[in-house]
Amino acid sequence: MPELPEVETIRRGLEKYLLGISIADIEVRLIKMFEGKKEDIIDQKIVGVRRFGKGLVIDFENKKSMVAHVKMTGQFIYKGVQSFQNFHPQIGIANELPNKWTHIIFSLGNGDVLYYNDIRQFGWLKVCATDDVHSLTFFKNLGPEPFRDLTVEVFRNILQESKRPIKTLLMDQSKISGVGNIYANEALFKAGVHPASLSSEITNKKVKKLHDSLLEVLIQGLELGGASDVNYLNVDGKTGGFQHHFKVYRRDGKECFYCQSLIKRIVIGGRGTFYCPRCQKEKAAVVKKKK
DNA sequence: CATGGGTCCTGAGTGC
DNA sequence: TGCACTCAGGACCCAT
């Protein structure tokens, strides 16, 4: 599922291909996925591609923007007409597009094409004034950016104010932006913190360790081009590599790489949660588990 | 205000 | 083989 490292990888791909060019036409095949007036951005030069948490913002020269959230299964795939430089031999996706999951097709001013595919149709795209981006529901409720605003002190304050399980807190976009299920699980393992631990009762030492671990797994994910857990592909139609480095995520029933205990799966906040019962010790300050 | 549950949707997985 | 059924999951919306 695209989280900060995956969305940032997508952003870089979009920036690489779209900066300085324009969109000649937009074909919306699934009406509900596209809000706003597409005429507002057609034939306007793209001047920036930004990311806030898991949200993307494409800015146009006329002070309009197209914002997008790919949720779990959304993909932006670029297909160059002049060359097949982004054709992936294993996936071959650039050649197979559009397919039954292609919901939006951007015909670009240079003759190339950008596809938006989304199997589960949870993603969305909308056009608005650039000045209004941060008034949108998703963007106005975002917490600090891990690589920019999330100092240890800020992180500690966020944890101290909450009695929720730490796993739930890490994934709360209004508290910290960009972290989802994969990186929350992996960061907690790396820090040796049980995912059900009460946020406010985690020791200072562990808070520092968790902060470091979170940034480390996000950086590792970014360096590997993200995690292609289910459907994630970058703008070139290629998979990331972080899925080969999961220590706990989706490894329930398998041995911990460090202590050989069996990785467990529980549900916290309605989401699958994976941890090593030995490396991430149960503590007194653990929220009651569900199911 | 904070929190928890239902909802959207479809492919994968399970049981017979 | 195939059918019926259940489940996962990010953010939003609503109820408490």
Side-chain angles (χ1 to χ4, degrees), chain A residues 1-8 10 29-35 51-57 67-76 91 93 96 98-104 116-126 128 133-143 145-146 157-187 195-196 198-200 218 221 226-233 239 243 246 248-253 263-274 287-291:
Chain A
M1 282 125 279
E3 304 176 26
L4 191 155
E6 290 76 27
V7 179
E8 175 60 21
I10 293 170
R29 296 185 167 190
L30 189 59
I31 301 296
K32 69 171 182 180
M33 298 202 103
F34 193 94
E35 281 180 38
R51 177 193 60 76
F52 298 94
K54 304 177 197 173
L56 287 164
V57 182
V67 299
H69 196 306
V70 302
K71 296 291 182 80
M72 293 94 66
T73 56
Q75 306 168 332
F76 279 103
I91 301 164
I93 192 152
E96 294 165 7
N99 59 28
K100 61 183 285 196
W101 302 292
T102 303
H103 304 307
I104 321 263
Y116 180 72
N117 312 314
D118 197 335
I119 292 174
R120 296 194 183 162
Q121 305 177 13
F122 280 8
W124 47 258
L125 294 79
K126 55 185 81 175
C128 68
V133 167
H134 292 287
S135 302
L136 298 173
T137 305
F138 176 79
F139 292 91
K140 74 180 176 188
N141 293 322
L142 284 177
E145 277 284 329
N157 287 337
I158 292 169
L159 266 57
Q160 283 176 344
E161 289 171 5
S162 175
K163 293 183 172 63
R164 300 155 80 191
I166 182 61
K167 165 81 168 359
T168 304
L169 198 69
L170 291 177
M171 292 177 61
D172 185 337
Q173 301 303 298
S174 70
K175 297 291 184 285
I176 298 164
S177 61
V179 180
N181 212 10
I182 293 174
Y183 295 94
N185 277 295
E186 293 297 321
L198 284 170
S199 302
S200 58
L218 290 173
S228 294
D229 177 45
V230 185
N231 292 286
Y232 167 73
L233 293 176
T239 58
Q243 68 277 12
F246 291 163
V248 289
Y249 186 71
R250 293 216 174 168
R251 292 198 68 246
D252 47 318
I263 302 299
K264 290 183 71 175
R265 179 187 191 277
I266 57 176
V267 175
I268 295 177
R271 294 291 171 254
T273 302
F274 307 86
V287 180
K288 74 178 171 75
K289 285 182 287 188
K290 288 183 63 177
K291 198 173 184 178

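Just so it is clear: chains get the letters A, B, ... in the order the sequence lines come, proteins before strands, and each one is counted from 1. Only heavy atoms go into these numbers, but all of them, side chains included; no hydrogens, no water, no symmetry mates. Just so it is clear, the structure is predicted and the values come from calculations on it, not from any experiment.
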Would you check if W101(A) and T73(A) make a side-chain contact, meaning some heavy-atom pair closer than 4.5 Å? no

D229(A) has an atom CG; how far is it from atom C1' of dG11(B), in whole Å? 14 Å

Below 4.5 Å, heavy atoms only, C-beta onward: do T168(A) and D172(A) meet side chain to side chain? no

Quick one: L169(A) CG to dT3(B) C1', roughly how many Å, whole number? 13 Å

K163(A) NZ to dT3(B) P, in whole Å, measures 9 Å

By nearest-heavy-atom nucleotide on DNA chain B, the more 5' of K32(A) and K175(A) is K175(A)

Below 30° counts as parallel, above 60° as perpendicular, anything between as tilted: where do the rings of W124(A) and H69(A) land? tilted

Would you say the side chain of R120(A) lies within less than 4.5 Å of the side chain of K71(A), judging by non-hydrogen atoms? no

Does a nitrogen or oxygen in the side chain of W101(A) sit under 4.0 Å from OP1 or OP2 of dC9(B)? no

What one-letter contact string describes nucleotides 9-16 of chain C from 5' to 3', where B marks a base within less than 4.0 Å of any protein heavy atom, S marks contact via sugar-phosphate atoms alone, and - marks no contact? BBBS----

In whole Å, what is the span from the CG atom of D172(A) to the C1' atom of dG4(B)? 12 Å

Below 4.0 angstrom from OP1 or OP2 of dG11(B), is there any side-chain N or O of K100(A)? yes

Nearest-angstrom distance from the residue atom CG of L30(A) to C1' of dC8(B): 12 Å

Nearest whole angstrom, please: distance from the P of dC1(B) to the CD of E161(A). 15 Å

Are the charged groups of K175(A) and E161(A) less than 4.0 angstrom apart, N to O? no

Is there a side-chain contact between F122(A) and M72(A), using heavy atoms and a 4.5 Å cut-off? yes

Nearest-Å distance, CG (N99(A)) to C1' (dG11(B))? 14 Å

